[in-house]
Structures are given as structure tokens and as C-alpha cells.
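Before any comments, here is the structure.
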Amino acid sequence: QVQLEESGGGLVQPGGSLRLSCVASGSIISISNMGWYRQAPGNQRELVAAITSGGSTNYGDSVKGRFTISSDNAKNTVYLQMNSLKPDDTAVYYCNTRAKVPGILYGRNYWGQGTQVTVSS
């Protein structure tokens, strides 16, 4: 299977910046895409940003122009640079990947444990 290790969460002031990292490991045959979702208390999990192995990106409307997703395919790593942070960005951020592993015919989604991001004065 696939393990996702997230890092970089924490407390930041409004208007500040934070960078999240996620490393995928395991018996991975290939990765189709990696991305970030977030979930605030009482809310459903929502897309923040995603990037394909070819470099195409997709962003949630609320973060466009403020967040940037990037990846290092050789390291199976995805990053999320978060700028101009707002209190509404406060949530648990989850790393996600769609990958193929030995013994499973099709790609499947895998999730990290989540990392807390808190934007507050």
C-alpha cells in the first residue's frame, strides 16, 4: 500500500505564509496525481489543490491566487505554498494521492493522517 507523510502545519498570523509537504512511500508502481484537501469542524472535506504527474494543476476557488501547489516526482513529494492566509483557511489539511500498487489492477486513492493549520491573531 501507500503511506503519506505530511509536515509543515502549525499556527500562523493572518496574512502570513506556511508551506506543507507530503511524501508518498510504499510499493508504488505509478502515481497519477497528488493533492491537498482540507476539513474544518462541521464542514465537509473540500479540494484545496491538486497536481498531476504531468504538472497540470487545479485549485479550489477560495485559494486561487494565494496558494501554489508543486511536486517533485523523483521524490514522490508534493508541496503546498500558502500565502496571504485568512482565518477561514483554518482546517485540518490532508494529503491525497491516486496511485497504482502491486496486486491491485486499478489506481486507488490514499490519504495521509492530516496536519492542523490554524490562522489566528
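Positions are given from 1, in the same order as the sequence printed here.
The CZ atom of Arg108 sits 11.5 Å away from atom OG of Ser32, with the distance rounded to the nearest 0.5 Å. The OG atom of Ser120 sits 12.0 Å away from the CG atom of Leu85 when rounded to the nearest 0.5 Å. In this structure, the separation between CZ on Arg19 and OG on Ser17 is 12.0 Å, given to the nearest 0.5 Å. To the nearest 0.5 Å, atoms OG (Ser30) and CG (Asn76) are separated by 10.0 Å.
Within the structure, salt bridge (Lys or Arg N to Asp or Glu O under 4.0 Å) pairs that include any residue of residues 44-60 comprise Arg38-Glu46 (at least two apart or interchain). The ring-ring contact (aromatic ring centres under 6.0 Å, His included) pairs that include a residue from residues 15-46 are Tyr37-Trp111, where partners are two or more places apart or lie in different chains. Listed by first then second residue, pairs satisfying disulfide bond (SG atoms under 2.5 Å apart) with a partner in residues 18-117 read Cys22-Cys95, not counting sequence neighbours. Listed by first then second residue, pairs satisfying ring-ring contact (aromatic ring centres under 6.0 Å, His included) with a partner in residues 70-101 number zero, not counting sequence neighbours.
Side-chain contact between Tyr59 and Ile69 is present, with heavy atoms from C-beta onward closer than 4.5 Å. Using a 4.5 Å heavy-atom threshold, the side chains of Met82 and Leu20 count as touching. Inter-residue side-chain proximity for Val117 and Thr90 is flagged as unmet; no heavy-atom pair is nearer than 4.5 Å. Taking 4.5 Å as the limit, every side-chain heavy atom of Val12 sits out of range of all side-chain heavy atoms of Thr118. Using a 4.5 Å cut-off on side-chain heavy atoms (C-beta onward), Gln1 and Gln3 make contact.
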If you look only at distance, which donor and acceptor atoms sit under 3.5 Å apart when one is on a side chain in residues 96-106 and the other is two or more places apart or in another chain?
residue, atom, partner, partner atom, Å
Asn96, ND2, Tyr110, O, 3.4
Thr97, OG1, Asn33, O, 2.9
Arg98, NH2, Gly107, O, 3.2

Which atom pairs, donor and acceptor, lie under 3.5 Å between side-chain atoms of residues 49-58 and protein residues at least two apart or in another chain?
residue, atom, partner, partner atom, Å
Thr52, OG1, Gly54, N, 3.3
Thr52, OG1, Gly55, N, 3.3
Thr52, OG1, Ser56, N, 3.1

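When every heavy atom of Ala24 is checked against every heavy atom of Val2, the shortest pair comes out as CB-CG1, 4.3 Å. Residues Ala91 and Ala40 come closest through the heavy atom pair CB-N, 3.9 Å.
At least one donor-acceptor pair closer than 3.5 Å links the side chain of Glu6 to the backbone N or O of Gln113.
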Practice prompt. Decide yes or no on side chain to side chain donor-acceptor pair (under 3.5 Å) for Thr77 and Asp72, but give the supporting numbers first.
Written response: CA-CA 5 Å; Thr77 301; Asp72 185 336; over 6 Å; no

